[in-house]
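What follows is a set of notes on a single structure, which appears directly below.
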Amino acid sequence: MLCLNKNPIDCFFPVYKEMVSSFHAGGNDIGMNSRSSLHVLEGTERLIKEELVRCIWFGQHLKRACLCTDNGSRLEILSPGWWNSEGGPDFKHAEFLLEGKGLVKGDIEVHVFSSDWIRHQHHKQSTYDTVCLHVALWNDNHGAYMKNHRGQTIPQLTLSKYLDAELDELVELIDVESYLKGKKVNPGYCQTEMENQKVNDQWIGRFLDYAGDERILQKAKRYERWLEKGTFEQVLYEAVMESLGYKNNKEPFFTLASRLPLEDIRYVIPEDASAQKKKKNMQSLLLGMAGLLPQQRNKKPTDDKETANYINDIEHAWNEIQKKINRDPLTKNDWSYAGIRPANFPERRIAAIANILSECSSLSIFRYLLSVLEKVENYQEERKIIKRLVEDIQSIFLGISDSYWSYHYTWYGKKLAKPVKLLGKERASNIFINVIIPILLIYARKHSNTKIEKVLHLTYRNYTPLPDTSVTKFMGNRIFGQPNVSKKIINSVRRQQGLYQIFKDFCENDNMSCNKCALYLSMVKD
DNA sequence: CGGTCAAATATCTTTCGGCC
DNA sequence: GGCCGAAAGATATTTGACCG
């Protein structure tokens, strides 16, 4: 078993990454795929899984206007087809227009590498004769097409040339969790090996700790790229906004934040206005730019005076503000309401961020964070540091109250008997872990401030786990089998985040990568 | 048009831990 | 060891979009 005792424990240290690369150095990997996705990495350091490529294809995250097959024919996708959960091609009943052929209907097979077509033996299987387009993320054999079992030519599309965002951004945006639903979880090699070797709780805990640190480091890396184009406060604002999109609205929230940078907001909303006026203007600015005001949608009459007054106020303010902004607002179609509980509709979250911004001096959440850090650094007791840091930072999210939105879920929605928070504890925790810690970590390192890093790490490793998700449940089953064992060991967000990291790196393909998993290999190593 | 579903907060219950 | 307050855990409640 790999010794994990010698590494530093009070800061974010890339122990996990070193372990992973030690197992995969040299390229002589074991397993069925002679060349795994580990070795060809363009534009991302993550391991790209076929499931992700399927999601890219199904979600059509492509520059659709200029698609060409690998032999140069113009291609227009009418329908990406429907998921096929049984054997055979990945998507059924797709439709597209192909130059020289016209309308084509048929099935689609998706791979990470174009050469996977032959490696998976599809050119010898008649079940793949219905495939009319082969879609690969990367074209590694530089061919222009594939052949099926009857020798017919299948046109091929290479996605990497047409992605509508950086690959690592897509990795963040695409929900790879949903496919886990309903599948039964098989124990991993890790679980079997743990029983064989009687791996103790401390060892596995430590491993998860380091994996959890790696997750923060990777998030930090992502934000570091954003920082090339913006200031800390702008990046923090964008990241918080993205986080407010929960799962389905990350994209429009992020777009809103980049179309409406803090600088522009400051230009439109004077610092010296009264608190109330600032709040109202901020709401109308953000909601207006989001395209979510009632006037921008279907206007319904109401006999509720309070609602009518509020809407009137906000829309009036927007009509004035709109003149000073020369960028187009988003529209209702940019937002997704599917599968979102009314309490978390985008309108409410936008109202929330508007209230937060208008209450921060100079609209800077970042500056507020720094002031909290400064205060906390001087405390002696560790417990007190942890408590105050979390409480003070989260108070700006939890403490929001709004005369309208605290009592309503929607425009014209019925008035709630009791006020409901615009952002709750869970969201605040999420923002704290996924956004604030990574960004402050970058800041600490840029300023060589190890004290801040230590405070962040201290808080991180003492923070209780967030509620379970499909991924944490899956991983709990996969590694520990019994939920009570899992619960005992996963006693911090740090370890919980470690589960996500290992999942992303190794388990996403179900059983495929168990033999390459760093957790398993660390156990069997002598 | 009505059943189903989505996920957060509010509230109630149990456990934990510190302290005398 | 027992008491009290705090934290953690479990359960109930909530509205409106979507799909057939």
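Numbered from 1 within each chain, the chains take letters A, B, ... in sequence-line order.
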Answer whether the closest heavy-atom distance between the side chains of A:Ile479 and A:Ile489 falls below 4.5 Å. no

**Request:** Report yes if some heavy atom in the side chain of A:Trp411 is under 4.5 Å from a heavy atom in the side chain of A:Thr307; otherwise report no.
**Result:** no

Under a 3.5 Å cutoff, is there a donor and acceptor pairing between the side chains of A:Ser403 and A:Tyr310? no

A:Leu422 atom CG is separated from B:dA8 atom C1', nearest whole Å, by 12 Å

Next item on the list: Scan side-chain atoms only and decide if A:Asp505 and A:Tyr16 contain a donor-acceptor pair under the 3.5 Å cut-off.
Entry: yes

Taken to the nearest whole Å, CH2/A:Trp335 to P/C:dC18 is 15 Å

Using a 4.5 Å cut-off on heavy atoms from C-beta on, say whether the side chain of A:Leu133 contacts that of A:Val104. no

Atom CG of A:Asn344 and atom P of B:dA8 are separated, to the nearest Å, by 5 Å

Here the distance between atom C1' of B:dA8 and atom CD1 of A:Ile431, to the nearest Å, is 13 Å

- Task: Check every strand shown and say whether A:Leu423 touches a base, only sugar-phosphate, or nothing at a heavy-atom separation below 4.0 Å.
- Result: sugar-phosphate

Are any non-hydrogen side-chain atoms of A:Ile400 and A:Lys421 less than 4.5 angstrom apart?
no

Tabulate protein N/O versus nucleotide N/O from nucleotides 8-16 of chain C, keeping only pairs under 3.5 Å, one per line.
residue, atom, partner, partner atom, Å
C:dT15, OP1, A:Lys414, NZ, 3.4
C:dG16, OP1, A:Thr410, OG1, 3.3

Side chain proximity check, A:Thr255 to A:Asp334, heavy atoms < 4.5 angstrom: no

Which atom pairs link the protein and nucleotides 10-16 of chain B when you take only N or O atoms and keep those under 3.5 Å?
residue, atom, partner, partner atom, Å
B:dT11, OP1, A:Lys418, NZ, 3.0

Kindly indicate whether the side chain of A:Gln497, heavy atoms from C-beta on, has any atom under 4.5 Å from the side chain of A:Asp213.
no

